[in-house]
Asker: 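I have a structure here, written as structure tokens, and I will follow up with some questions on it.
Numbering starts at 1 and runs along the sequence shown. For ligands, and for the atoms within them, numbers begin at 1 and follow the listed sequence. From a predicted model like this one, the values you see are computed outputs, not experimental measurements.
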Amino acid sequence: MKCALVTGGSRGIGRSVCLKMASMGYYVLVNFRGNREEAERTLQQIQETGGQGELLPFDVSSREQITGVLGGWIEAHPNKYIEILVNNAGIKDDGLMIFMKDEQWDQVMRTNLDGFFFTTRLVLNGMLIRKYGRIINVVSLSGLKGLPGQVNYSAAKAGVIGATKALAQEVGRKGITVNAVAPGFIRTDMTEGLNEKELQAIIPVRRFGLPEEVAHAVGFLASAEAAYITGEVLSINGGLYT
Ligand code: NAP
């Protein structure tokens, strides 16, 4: 059985990506950290549309949990193969660098950057054996442009962009593509506190994006037909500077 693992699948962009993967016929592994109720809602929506999947909770900022839970799942399911990995789980914890606490730096790096590394390394093995895979990393406009107040988040996302380009070159000849999508402002819990009315003036398309619009791009990069696209960063930002 072919599976798609979506980290941070309980809410926002991750939920839409889970539904997209299910619509493409994948058995979806819905990862989340703590919000079981929302994760169950994602799974329910998958099932309502005729798809299949299961919850796989682990904290991507903890290498022990990644090894224990995800590694354990892979070992226990030799006939299920993760063909698509969407590294979507992410957090921000903003503040000017001069006031930024150690924990704000550490937690944002661990979740956004280390999470990518430890999750991907584990899943990569199966893809290499089967000589097929699609890895899509959800980064951010901040990782391309840098945003004031987000030195930690911009650095983490820029780190994932560099890793995307490097890994794409390592595994290209093994039938595995590695790409990133870089959303601008998308309507989710993460942007809840932002003033869309004010910010839409700087967005050429004049609105925030929808999680489904990011999922659409992820679905494209995850398709078999996208085999010749790798090491790319696709912006989904309504025309904001990239
Ligand atoms: P969101 O609505 O805040 O959802 C975050 C998701 O990540 C939740 O499912 C959450 O799980 C999960 N998560 C957070 N920390 C985790 C951890 N340590 N381990 C496992 N799961 C974890 O965020 P979003 O807006 O959909 O963002 C998704 C991705 O897009 C992030 O990487 C974000 O940086 C990126 N992004 C978002 C925007 C935007 O405008 N929204 C723009 C650019 C980039 P729980 O529900 O269990 O907490």
Asker: Return a table of N or O atom pairs, ligand 1 on one side and protein on the other, at distances under 3.5 Å, rounded to 0.1 Å.
Answerer:
from	atom 1	to	atom 2	distance (Å)
ligand 1	9 (O)	Gly8	O	3.2
ligand 1	9 (O)	Ser10	N	3.4
ligand 1	9 (O)	Ser10	OG	2.6
ligand 1	11 (O)	Ser10	OG	3.3
ligand 1	18 (N)	Asp59	OD1	2.7
ligand 1	19 (N)	Val60	N	2.9
ligand 1	25 (O)	Thr188	OG1	2.5
ligand 1	26 (O)	Ile13	N	2.8
ligand 1	32 (O)	Asn88	O	2.7
ligand 1	32 (O)	Lys157	NZ	2.9
ligand 1	34 (O)	Tyr153	OH	2.5
ligand 1	34 (O)	Lys157	NZ	3.1
ligand 1	40 (O)	Gly184	O	3.2
ligand 1	40 (O)	Ile186	N	2.8
ligand 1	40 (O)	Ile186	O	3.3
ligand 1	41 (N)	Ile186	O	3.4
ligand 1	41 (N)	Thr188	OG1	3.1
ligand 1	46 (O)	Ser10	OG	2.6
ligand 1	46 (O)	Arg11	NE	2.8
ligand 1	46 (O)	Arg11	NH2	3.3
ligand 1	47 (O)	Arg33	N	2.9
ligand 1	47 (O)	Gly34	N	2.8
ligand 1	47 (O)	Asn35	N	2.9
ligand 1	48 (O)	Arg11	NH2	2.9

Asker: For residues 148-163, run the donor-acceptor check on the side chains, cut-off 3.5 Å, and write out each pair with its distance to 0.1 Å, sequence neighbours left out.
Answerer:
from	atom 1	to	atom 2	distance (Å)
Gln150	OE1	Ser142	OG	2.7
Gln150	NE2	Asp94	OD1	3.3
Gln150	NE2	Asp94	OD2	3.2
Asn152	ND2	Asp93	O	3.0
Asn152	ND2	Gln104	O	3.2
Ser154	OG	Ser142	O	3.4
Ser154	OG	Leu147	N	3.2
Ser154	OG	Gln150	O	2.7
Lys157	NZ	Asn112	OD1	3.4
Lys157	NZ	Val138	O	3.0

Asker: For a 4.5 angstrom cut-off between non-hydrogen side-chain atoms, does Arg36 reach Pro57?
Answerer: yes
Asker: Would you mind listing every side-chain hydrogen bond (donor to acceptor under 3.5 Å, both in side chains) that reaches into residues 21-32, with sequence neighbours excluded?
Answerer: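 Checked against side-chain hydrogen bond (donor to acceptor under 3.5 Å, both in side chains) - neighbours excluded - the pairs reaching residues 21-32 are Tyr26-Glu83, Tyr27-Glu54.
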Asker: If you look only at pairs with a residue in residues 165-182, which of them pass as a salt bridge (Lys or Arg N to Asp or Glu O under 4.0 Å), with sequence neighbours excluded?
Answerer: none
Asker: Is a side-chain donor-acceptor pair under 3.5 Å present for Thr119 with Asn87?
Answerer: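 Looking only at side-chain atoms, Thr119 and Asn87 do not form any donor-acceptor pair under 3.5 Å.
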Asker: How about Asn137 and Thr164: does a side-chain donor come under 3.5 Å of a side-chain acceptor?
Answerer: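 Result is yes, a qualifying pair exists.
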